[in-house]
A.B. asks: 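Here it is, the structure, as structure tokens.
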Amino acid sequence: MKIGYACINNSLKCRANKTFRLSSYTEEKLVETIKNNLDCLKKILEYNLEHNLMFFRITSELIPFGSHEINKFDWLNYFKKDFEEIGAFIKNHDMRISMHPDQFVVLNSPKEKVIQNSIGELLWHAQVLDAMNLDLTAKIQIHVGGVYNDKDKAIEKFVETYKNLPLQIKRRLAIENDDKSYSLKDCLKLNKKIGIPIIFDNFHHECLNNKEPMFEAVKLAQSTWKKQDGVLMTDYSSQQPGERKGKHADSIDINHFKKYLEQTKDLEFDIMLEIKDKEKSALIAKQIMSS
DNA sequence: CCATGTCAAGGTCAC
DNA sequence: GTGACCTTGACATGG
């Protein structure tokens with residue numbers, strides 16, 4: 001069971017998600033920013049190894065304007081060595097990696113332009129993971145998308161888009177149950193049609209479900225992961241007290257976490273904490289798990 | 001230096 | 001209709 005956190009490490013001084021405005025785009029700025037981001041990513045991974053946090057989500061801001069038409073620079077080749085070096089570090093230490101592109105990736109949109117933009121965005125994510133020579137346990141997770149007043153139709157649209165995706169994307173893609181539109185059950189429906197693995201999000205499941213108990217839910221999600229995909233990936237969070245429903249916690253709710261572990265006892269999966277204070281809570285979670 | 005309006009991109013819901 | 005929210009603040013300008 002690996003545990004980790006998303007994108008940002010607050011104990012280190014560097015950021016791997018540095019970006020800049022489109023209006024100030026220059027190739028020089030792009031190169032400088034990517035270099036900064038990759039250097040920081042290395043430092044974060046070293047920190048993670050030292051602290052035995054073996055699961056990490058690489059930020060989607062790693063490559064600013066990664067799929068924007070303004071970006072004509074061959075960054076993939078220019079930073080080839082860096083990607084290889086980072087990938088080797090990840091592999092040597094048996095770390096797990098995920099990426100989670102922004103909300104703009106919507107594969108079931110009725111707008112063709114949105115779908116094309118989404119594919120472009122997914123492509124550079126896949127290229128990064130490929131350049132690192134990571135196996136297929138490194139996943140790119142997305143939400144199913146919009147409902148557009150007809151969920152069955154929206155699901156069909158997802159299937160149609162998915163079937164035509166380049167293999168480079170398809171083989172790394174996973175869907176996550178969300179808190180408003182697509183429940184675990186909806187995701188399972190999609191899995192039946194196209195075999196896509198499901199990343200289980202406990203907090204979203206608490207917000208939107210079909211009464212599956214936690215143990216059952218995790219087991220169902222687990223059944224969608226083939227051998228080459230690795231063990232089930234999960235996102236973990238809990239409700240921030242006093243805030244509106246669906247708001248992620250600022251720091252880990254220890255009792256909630258312990259209860260979740262208890263509920264899912266004997267199941268094997270990796271846990272990505274989606275909690276605001278990042279590695280701080282991950283270290284607490286790590287401690288709870290080993291005690 | 002600091003304050004703050006805005007940032008490539010979508011969709012949903014609370015208000 | 002607007003704005004917060006999502007996985008996440010931080011860039012960049014004007015004072």
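Values below: every heavy atom of this structure, side chains too, minus hydrogens, waters and symmetry copies.
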A.B. asks: I want to check one thing: is the phosphate of dG10(B), taken as OP1 and OP2, less than 4.0 Å away from some side-chain N or O of K113(A)?
C.D. replies: no
A.B. asks: Could you label the plane-to-plane angle of the F20(A) and F65(A) rings as parallel, tilted or perpendicular, counting under 30° as parallel and over 60° as perpendicular?
C.D. replies: tilted
A.B. asks: Please check the phosphate of dT8(C) (OP1 and OP2 only) for any side-chain N or O of S60(A) closer than 4.0 Å.
C.D. replies: no
A.B. asks: Checking contacts here: which listed nucleotide (dG11(B), dT12(B), dC6(C)) is nearest the side-chain heavy atoms of Q103(A)?
C.D. replies: dC6(C)
A.B. asks: Find the distance N17(A):CG to dC7(B):C1' and express it as a whole number of Å.
C.D. replies: 14 Å
A.B. asks: Out of dC13(B), dG10(B), dA10(C), which has the shortest distance to the side chain of S109(A)?
C.D. replies: dG10(B)
A.B. asks: Between atom CE in M272(A) and atom C1' in dT7(C), what is the gap in whole Å?
C.D. replies: 10 Å
A.B. asks: Heavy atoms only, 4.0 Å cut-off, all strands: where does G120(A) land among base, sugar-phosphate and nothing?
C.D. replies: nothing
A.B. asks: Does K35(A) come within less than 4.0 Å of D82(A), counting only side-chain N to carboxylate O?
C.D. replies: no
A.B. asks: Return the nucleotide paired to dT6(B): Watson-Crick means purine N1 to pyrimidine N3 with N6-O4 or O6-N4, wobble means G-U with N1-O2 and O6-N3, both under 3.5 Å.
C.D. replies: dA10(C)
A.B. asks: Mind checking S24(A) for me? I need base, sugar-phosphate or nothing, with any heavy atom below 4.0 Å counting as a touch.
C.D. replies: sugar-phosphate
A.B. asks: To the nearest Å, give me how far apart CG (N177(A)) and P (dC6(C)) are.
C.D. replies: 16 Å
A.B. asks: Please report the distance, rounded to the nearest Å, between OH in Y25(A) and P in dC7(B).
C.D. replies: 19 Å
A.B. asks: Classify the side chain of D102(A) versus the base of dT7(C) as yes if they form a donor-acceptor pair under 3.5 Å and no if they do not.
C.D. replies: yes
A.B. asks: Taking only Lys NZ, Arg NE, NH1 and NH2, and the carboxylate oxygens of Asp or Glu, determine whether R57(A) and E274(A) approach each other closer than 4.0 Å.
C.D. replies: yes
A.B. asks: Among dT7(C), dA10(C), dG10(B), which nucleotide sits nearest the side chain of R21(A)?
C.D. replies: dA10(C)
A.B. asks: Rounding to the closest angstrom, what is the interatomic distance between dA10(C) and dG10(B) at atom P?
C.D. replies: 23 Å
A.B. asks: Quiz question: by atom type and distance under 3.5 Å, do the side chains of N9(A) and Y5(A) form a donor-acceptor pair?
C.D. replies: yes
A.B. asks: Heavy atoms from C-beta onward define the side chain here; which of dC11(C), dT7(C), dA8(B) lies closest to that of L22(A)?
C.D. replies: dA8(B)
A.B. asks: With rounding to whole Å, what would you report as the distance between dT4(B) and dC6(C) at their C1' atoms?
C.D. replies: 23 Å
A.B. asks: Taking any strand in view, what nucleotide pairs with dT12(B) in a Watson-Crick or G-U wobble way, both distances under 3.5 Å?
C.D. replies: dA4(C)
A.B. asks: Taking the C1' atom of each, how far is dG3(C) from dT6(B), in whole Å?
C.D. replies: 15 Å
A.B. asks: What nucleotide among dC11(C), dT7(C), dT8(C) has an atom nearest to a side-chain atom of E176(A)?
C.D. replies: dT7(C)
A.B. asks: Which nucleotide sits closest to the side chain of S67(A): dA9(B), dA12(C), dG9(C)?
C.D. replies: dA9(B)
A.B. asks: Starting from P on dA8(B), measure out to CD on Q116(A) and report it in whole angstrom.
C.D. replies: 22 Å
A.B. asks: Tell me the interatomic distance from D178(A), atom CG, to dT12(B), atom P, rounded to whole angstroms.
C.D. replies: 10 Å
A.B. asks: Measuring to OP1 and OP2 of dC5(C), would you say a side-chain N or O of K180(A) lies under 4.0 angstrom away?
C.D. replies: no
A.B. asks: Would you confirm whether the ring centroid of Y182(A) sits within less than 6.0 angstrom of the ring centroid of H204(A)?
C.D. replies: no
A.B. asks: Going by centres under 5.5 angstrom and planes under 30 degrees, do the aromatic ring of F104(A) and the base ring of dA9(B) stack?
C.D. replies: yes
A.B. asks: Taking atom types as modelled and ignoring hydrogens, do the side chains of E176(A) and H100(A) form a donor-acceptor contact shorter than 3.5 angstrom?
C.D. replies: yes
A.B. asks: If I take atom CD in residue E121(A) and atom P in nucleotide dG10(B), what distance separates them, rounded to the nearest angstrom?
C.D. replies: 12 Å
A.B. asks: Is the NZ or CZ atom of K170(A) both under 6.0 Å from the centre of the six-membered ring of Y162(A) and within 45° of that ring's axis?
C.D. replies: yes
A.B. asks: Can you figure out which of dG10(B), dT8(C), dA12(C) approaches the side chain of I8(A) most closely?
C.D. replies: dT8(C)
A.B. asks: Can you tell which of dT7(C), dA8(B), dG11(B) lies closest to the side chain of Y148(A)?
C.D. replies: dG11(B)
A.B. asks: In whole Å, what separates the P atom of dG11(B) from that of dG9(C)?
C.D. replies: 24 Å
A.B. asks: Distance check, C1' atoms only: dC7(B) and dT8(C), in whole angstrom units.
C.D. replies: 13 Å
A.B. asks: With a 4.0 Å limit, can you tell me whether H143(A) has a side-chain N or O closer than that to the phosphate oxygens OP1/OP2 of dT7(C)?
C.D. replies: yes
A.B. asks: Rounding to the closest angstrom, what is the interatomic distance between dT7(C) and dC2(B) at atom P?
C.D. replies: 33 Å
A.B. asks: Which nucleotide, dA10(C), dA8(B), dT7(C), lies nearest any side-chain atom of H68(A)?
C.D. replies: dA8(B)
A.B. asks: Need one value for V147(A): base, sugar-phosphate or nothing, where a base atom within 4.0 Å counts as base even if backbone is also close, heavy atoms only.
C.D. replies: sugar-phosphate
A.B. asks: Could you tell me how far dG5(B) sits from dA4(C) if I compare only their P atoms? Round to whole Å.
C.D. replies: 12 Å
A.B. asks: In whole Å, I'd like the distance from the CD atom of E279(A) to the C1' atom of dT8(C).
C.D. replies: 14 Å
A.B. asks: Establish, from distance only, whether the side-chain atoms of W225(A) and Q222(A) form a donor-acceptor pair under 3.5 Å.
C.D. replies: no
